[in-house]
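Heads up: the structure comes next, in structure tokens.
These figures come from a predicted structure and were not determined experimentally.
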Amino acid sequence: KDHPKKHKEDSKEDSPASAQQSGTQSTSFLQSIQKTLSYLRHPTIGPLMFIKFLNGVSSSAFTTVLPLILANKLQFSTTQMGYFMSASSLSVAAFAAVGISPAMAYMGNQPDRLAFVGIGCRLVSMVVFGVVVSWVMSMSTMASFEENIITISTKGLMATTLASVTVSISSHMHATSLTTLTTGTVSTEERGAILGLEHGLFSMARIVGPPLGTTLLARGPASSFISELGAGGLWKVILVCILMDFVLMALLKVWSTREYTKIKTIDSKTDGDSMPCRPLMEDHDHSD
């Protein structure tokens, strides 16, 4: 007879503890989010995160307009479009598997140098893509186009695919180098939060980039000279992406110069002894 009553009393005693535990979990979750977002304010991590975000915006804006240009301007077939997209993805997978390690070693295992190379290759590749598209469109107005349509289309497909593959590999090279920089400047315990924040910013960049690219493409050429080149608003997209990439390079140059100056200062004070990796947020909290 006393068993139900006892069970009821135990439930009353446990309910405050359960509520307190739930409140503690909620507080811990909010603190975790707050700490992750606080990396954006850190003088070392914050600039790299902004560079990563801007890189994602530039890359997604350009890659969004690629299939639109190929389908609407160059009249690529559905099969050709499939081969085009597969080639870009396959090239990135192959480079990630066998190319990134030798490239990093060739750069002296300095990720910032590899990031500069990646962004530079992407700049050149975007311009090459625009030139090829403009060439194919200008050839389409000539009388000999109907006779040589197969040759021109084949060359256009090969050239645009090569340029797109280079853009994809360059973007991957740059993004991987930035990830190496960010994870290399924090402790092991902080890497999970850094990687999560990176992926979140990259997802936000892919929200901003596609509408930016399609809006620029729809508004047409930026000037009469660009209009004469053909390809409509493609050159406006390319120019905006180039501008963002130049900003990326400038920010990365400032960041790398400042960080290498810090390293040299620390090495001179410690006589070259290596220093253990400490959580960056601890230093940031003390500086505040």
**OP:** Please round to the nearest 0.5 Å and tell me the distance separating atom OH of Tyr106 and atom CG of Leu114.
**Re:** 12.0 Å
Subject >> Which atom of Leu252 lies closest to which atom of Ala115, heavy atoms considered >> reply: CD2-CB, 3.5 Å
Original post:
Does Val57 have any side chain to side chain contact (heavy atoms under 4.5 Å, CB included) partners at least two apart in sequence or in another chain, and if so, which?
Top reply: Phe53, Ala205, Val208, Leu212, Met244
**OP:** Over all heavy atoms of both residues, which pair between Pro47 and His42 is shortest? Give the atoms and the distance, please.
**Re:** CD-O, 3.6 Å
Original post:
In the single-linkage hydrophobic clustering (I, L, V, M, F, W, Y; side-chain heavy atoms under 4.5 Å), do Leu162 and Val133 co-cluster?
Top reply: no
Original post:
Does any non-hydrogen side-chain atom of Ile194 lie less than 4.5 Å from one of Thr179?
Top reply: no
Original post:
When clusters are formed by joining ILVMFWY residues with side-chain heavy atoms under 4.5 Å apart, either directly or through shared neighbours, do Met126 and Val237 land in the same one?
Top reply: yes
**OP:** Only counting residues at least two apart or in another chain, list the ones meeting side chain to side chain contact (heavy atoms under 4.5 Å, CB included) with Leu90.
**Re:** none
Subject >> Beyond-backbone contact of Trp255 with Thr44, side-chain heavy atoms, under 4.5 angstrom >> reply: yes
**OP:** Among Leu239, Leu68, Ile69, find the one that has a side chain to side chain contact (heavy atoms under 4.5 Å, CB included) with Leu234.
**Re:** Ile69
Original post:
When rounded to the nearest 0.5 angstrom, what is the spacing between CD1 in Ile238 and CG in Leu216?
Top reply: 11.5 Å
**OP:** Give the other cluster members for Val254, using side-chain heavy-atom distances under 4.5 Å between Ile, Leu, Val, Met, Phe, Trp and Tyr residues; answer none if it is isolated.
**Re:** none
Original post:
Under the side-chain hydrogen bond (donor to acceptor under 3.5 Å, both in side chains) test, which residues partner Ser164, sequence neighbours left out?
Top reply: Ser88
Could you list the donor-acceptor pairs under 3.5 angstrom formed between side-chain atoms of residues 95-105 and any protein atom two or more places apart in sequence or on another chain?
none

**OP:** Could you tell me whether the side chain of Ser256 and the main chain of Lys253 form a donor-acceptor pair under 3.5 Å?
**Re:** yes
Subject >> Sequence neighbours excluded, every pair satisfying ring-ring contact (aromatic ring centres under 6.0 Å, His included) that has a member inside residues 166-211 >> reply: none
Subject >> Sequence-distant partners of Asp245, side-chain hydrogen bond (donor to acceptor under 3.5 Å, both in side chains), two or more places apart >> reply: Ser58, Arg122
**OP:** Heavy atoms only: give me the nearest Ala175-Asn55 pair and the separation to one decimal.
**Re:** CB-ND2, 4.1 Å
Original post:
Do you know which two heavy atoms are closest between Ser125 and Thr166, and how far apart they sit?
Top reply: OG-CG2, 2.7 Å
**OP:** Using the rule that two of Ile, Leu, Val, Met, Phe, Trp, Tyr join whenever any of their side-chain heavy atoms come within less than 4.5 Å, decide whether Ile169 and Met85 are in one cluster.
**Re:** no
**OP:** Mind listing the closest non-hydrogen atom pair of Trp235 and Val127 along with its distance?
**Re:** CH2-O, 3.8 Å
Subject >> Qualifying salt bridge (charged side-chain N to carboxylate O under 4.0 Å, His left out) pairs, either residue in residues 97-110, two or more places apart >> reply: none
**OP:** With sequence neighbours left out, write down each residue that passes side chain to side chain contact (heavy atoms under 4.5 Å, CB included) with Thr78, or none if nothing qualifies.
**Re:** none
Subject >> Residue pairs, two or more places apart or on separate chains, that pass salt bridge (charged side-chain N to carboxylate O under 4.0 Å, His left out) and touch residues 47-65 >> reply: Lys52-Glu198
Original post:
Atom OG1 in Thr183, atom CG in Leu48: separation rounded to 0.5 Å?
Top reply: 10.0 Å
**OP:** Find out if a path of hydrophobic residues (ILVMFWY) with successive side-chain heavy-atom gaps under 4.5 Å connects Leu178 to Met49.
**Re:** yes
Original post:
Atom CG of Leu54 and atom OG of Ser59: how far apart are they, to the nearest 0.5 Å?
Top reply: 11.5 Å
Original post:
Residues in side chain to side chain contact (heavy atoms under 4.5 Å, CB included) with Pro210, at least two apart?
Top reply: Ser60, Thr64
Original post:
Are Phe62 and Leu243 connected in a single hydrophobic cluster, I mean Ile/Leu/Val/Met/Phe/Trp/Tyr linked by side-chain heavy atoms less than 4.5 Å apart?
Top reply: no
Subject >> From Ser177 atom OG to Ile119 atom CD1, the distance as rounded to the nearest 0.5 Å >> reply: 10.0 Å
Subject >> More than 12 heavy atoms from other groups under 6.0 Å of CE on Met81 >> reply: yes
Original post:
Do the non-hydrogen side-chain atoms of Phe129 and Val167 ever get within less than 4.5 Å of each other?
Top reply: no
Subject >> Pairing residues for Arg113 by the side-chain hydrogen bond (donor to acceptor under 3.5 Å, both in side chains) criterion, not counting sequence neighbours >> reply: Gln110
